[in-house]
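This one's a predicted model, so the numbers in the text were calculated from it and none came from an experiment.
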Amino acid sequence: MGSSDEKISQFFRNTERYHKWAALGLLVMYLFLNNSINAASDWTELSRDENNSTALWEPYLWEYSSALATALLVIPLIYFIRKLDTYAFGVRTWLVWHFAFASLFSIAHVTLMVTFRELCYLLSDKEYNFGPIAREFFYEYRKDIWGYITLVTFYYIIMFSYRRLIGEASVIREHDAPEEVSGNKGIISPSTMPDNLLVKKLNKEFLVKLSDVYWVEASGNYINLHTVKSTFPLRYTMKQFCEHAIEKGFIRVHRSYAVQSTLIDNIRFEDSGDGILTLLDSTEVPVSRRYKDTLKARLSPASPCVVN
């Protein structure tokens, strides 16, 4: 893997906290640009009628109110998608849930859109008329369902591309082994980490042995798995990883760090109780006093490393 690819991947991982706001900003720009074009087209059609009484600002209000309502609903939409993806549903159930939420999405969109228009018309000498509720709602509902499908499709395409770009590792379900199910019905929670992780980056797929990982670092919504040659992000919390990888020899030594116990060279502790752990590749990892006793207990049976 080229160093330039790794730098790009690391840049995206380091700036992850800004990505959601950047994505939201781009979406808002797209919605208002698209709806500006629609408003201009609407005005062109209306202006062809000699008896047209519609003001120039009205088509823009109609389109912008729709865009604003959509932008406000994107955050709960993404939350719903991420929540839904944590459950082990079949395709049919998955589609039913999406259809139900798409209907709620449409109702909320129409309600917000009409509310925005009514409020704006209060500031003018014109009166807003939505039209026959059943007919107009069905018209908006058809558009909203298609818009919902488009948003969800783009979400999955962007997330797939993003994960490929950063070279995210994923847990391999070896031999389709059964997985533990947590208290919330349907949520999958593997009890142990497999020996290998699958990494997908750009047009490449390759395996990374967990035994090749020297140390682990918390990084936002990810943990970074550090080998001698590279770094691979894995969407796990540090707590989950240490619980699931304990049988693979990983020990948590700090709130933000864990290490492979078989790759420890030596540990030096200060009077304060904190310390520095050196791995066989000469990497130094901080040790917190909070994890000092646990670390010593794990290493004490037959540890080849030196503890000072």
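Between Pro76 and Phe101, the closest heavy-atom pair is O-CZ, 3.9 Å. For the residue pair Met113 and Ser66, the shortest heavy atom distance occurs at SD-CB, 3.7 Å. Considering every non-hydrogen atom in both Trp43 and Thr54, the closest pair reads CZ3-O, 3.2 Å. Between Phe105 and Leu151, the shortest heavy-atom distance links the atoms CZ-CD1, 4.1 Å. Taking every heavy atom of both residues into account, Pro286 and Val253 meet most closely at O-CG2, 3.6 Å. What you find for Thr262 and Leu280 is that their closest heavy atoms are O-CD1, 4.2 Å.
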Start with the C-alpha distance between Ser211 and Asp195, add both sets of side-chain angles, then the distance that settles side chain to side chain contact (heavy atoms under 4.5 Å, CB included), and finish with yes or no. CA-CA 7 Å; Ser211 59; Asp195 293 330; over 6 Å; no

Test Val110 against Glu136 for side chain to side chain contact (heavy atoms under 4.5 Å, CB included), laying out the working first. CA-CA 10 Å; Val110 173; Glu136 292 301 320; over 6 Å; no

Step by step, work out the side chain to side chain contact (heavy atoms under 4.5 Å, CB included) result for Leu210 and Asn196. CA-CA 6 Å; Leu210 203 60; Asn196 299 303; over 6 Å; no

Given Tyr121 and Trp62, is the ring-ring contact (aromatic ring centres under 6.0 Å, His included) satisfied, shown in steps? CA-CA 11 Å; Tyr121 269 86; Trp62 302 337; 7.5 Å; no

Take Val216 and His226 through the side chain to side chain contact (heavy atoms under 4.5 Å, CB included) test and state the conclusion after the steps. CA-CA 6 Å; Val216 182; His226 295 268; over 6 Å; no

Tyr236 vs His244, ring-ring contact (aromatic ring centres under 6.0 Å, His included): CA-CA, chis, key distance, verdict: CA-CA 10 Å; Tyr236 250 72; His244 297 166; 5.7 Å; yes

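Using a 4.5 Å heavy-atom threshold, the side chains of Arg252 and Thr294 count as separate. Counting only heavy atoms from C-beta outward, the side chains of Ile223 and Thr237 never approach each other to under 4.5 Å. Contact annotation: the side chain of Val287 never approaches that of Val285 to less than 4.5 Å [non-hydrogen atoms, C-beta and beyond]. At least one side-chain heavy atom of Leu72 sits under 4.5 Å from a side-chain heavy atom of Phe116. At least one side-chain heavy atom of Thr93 sits less than 4.5 Å from a side-chain heavy atom of Trp97. Within the 4.5 Å cutoff, side-chain heavy atoms of Tyr64 are placed close to those of Ser36. Residues Ile246 and Phe250 form no side-chain contact, since every pair of their non-hydrogen atoms from C-beta on lies 4.5 Å or further apart. The closest side-chain heavy-atom distance from Leu225 to Val208 is not below 4.5 Å.
Residues Leu104 and Val114 do not share a hydrophobic cluster, clusters being chains of Ile/Leu/Val/Met/Phe/Trp/Tyr side chains in contact below 4.5 Å. No path of Ile, Leu, Val, Met, Phe, Trp and Tyr side chains, each step under 4.5 Å between heavy atoms, connects Val96 with Ile145, placing them in separate hydrophobic clusters. In the hydrophobic cluster analysis, where Ile, Leu, Val, Met, Phe, Trp and Tyr join through side-chain heavy atoms closer than 4.5 angstrom, Val91 is grouped together with Leu84. No chain of hydrophobic side-chain contacts below 4.5 Å, direct or via other Ile, Leu, Val, Met, Phe, Trp or Tyr residues, connects Ile158 to Tyr30. A single hydrophobic cluster is not seen to contain both Val28 and Leu33; linkage of ILVMFWY side chains at heavy-atom distances under 4.5 Å, directly or through other members, places them apart.
Atom-to-atom distance recorded for Ile78:CD1 and Leu73:CG is 11.5 Å, nearest 0.5 angstrom. The OG atom of Ser282 lies 9.5 Å from the OH atom of Tyr214; values are rounded to the nearest 0.5 Å. Note that CG of Leu279 is 8.5 Å distant from CH2 of Trp215, once rounded to the nearest 0.5 Å. The line from CD1 of Ile267 to OG1 of Thr278 is 9.0 Å long, rounded to the nearest 0.5 Å. Summarising the geometry, atom CD1 belonging to Ile37 is positioned 12.0 Å from atom CG belonging to Asp42; distances are rounded to the nearest 0.5 Å. The structure places OH of Tyr148 at 13.5 Å from OG1 of Thr70, a figure rounded to the nearest 0.5 Å.
Ion pairing between a basic and an acidic side chain is recognised when a charged N comes within 4.0 Å of a carboxylate O; Glu284 and Arg268 show such pairing.
Listed by first and then second residue, the salt bridge (charged side-chain N to carboxylate O under 4.0 Å, His left out) pairs that reach into residues 107-133 are Glu58-Lys126, sequence neighbours excluded.
With Tyr291 as the aromatic partner, Lys296 does not meet the cation-pi criteria of under 6.0 angstrom to the ring centre and within 45 degrees of the ring axis.
In this structure, the side chain of Asp274 engages the main chain of Arg289 through a donor-acceptor pair within 3.5 Å. In this structure, the side chain of Thr231 does not engage the main chain of Thr227 through any donor-acceptor pair within 3.5 Å. Ser106 contributes no side-chain N or O that, together with a main-chain N or O of Ala102, makes up a donor-acceptor pair within less than 3.5 Å.
Residues near Tyr79 contribute nothing to a hydrophobic cluster around it, because no ILVMFWY side-chain heavy atom sits closer than 4.5 Å to its side chain. Counting side-chain heavy-atom gaps under 4.5 Å among Ile, Leu, Val, Met, Phe, Trp and Tyr, Tyr139 is found in no cluster with other residues.
Scanning for salt bridge (charged side-chain N to carboxylate O under 4.0 Å, His left out) contacts around Lys292 gives an empty result, with sequence neighbours left out. Applying the ring-ring contact (aromatic ring centres under 6.0 Å, His included) rule to His254 yields the partners Tyr257; only residues at least two apart in sequence or on another chain are considered. Residues meeting the side-chain contact (heavy atoms from CB on, under 4.5 Å) test with Asp271, sequence neighbours left out: none.
Counting only N and O atoms by type, the side chains of Glu140 and His109 include no donor and acceptor under 3.5 Å apart.
Within a 6.0 Å radius of CH2 in Trp57, other residues, nucleotides and ligands contribute more than 12 heavy atoms. With a 6.0 Å radius and a threshold of 12 heavy atoms from other residues, nucleotides or ligands, Phe154 has its CZ atom at or below the threshold. The neighbour count for Ile133 CD1, taken as heavy atoms of other residues, nucleotides or ligands under 6.0 Å away, does not exceed 12.
A parallel orientation is assigned to the rings of Tyr141 and Phe138, their planes being inclined by less than 30° (bins at 30° and 60°).
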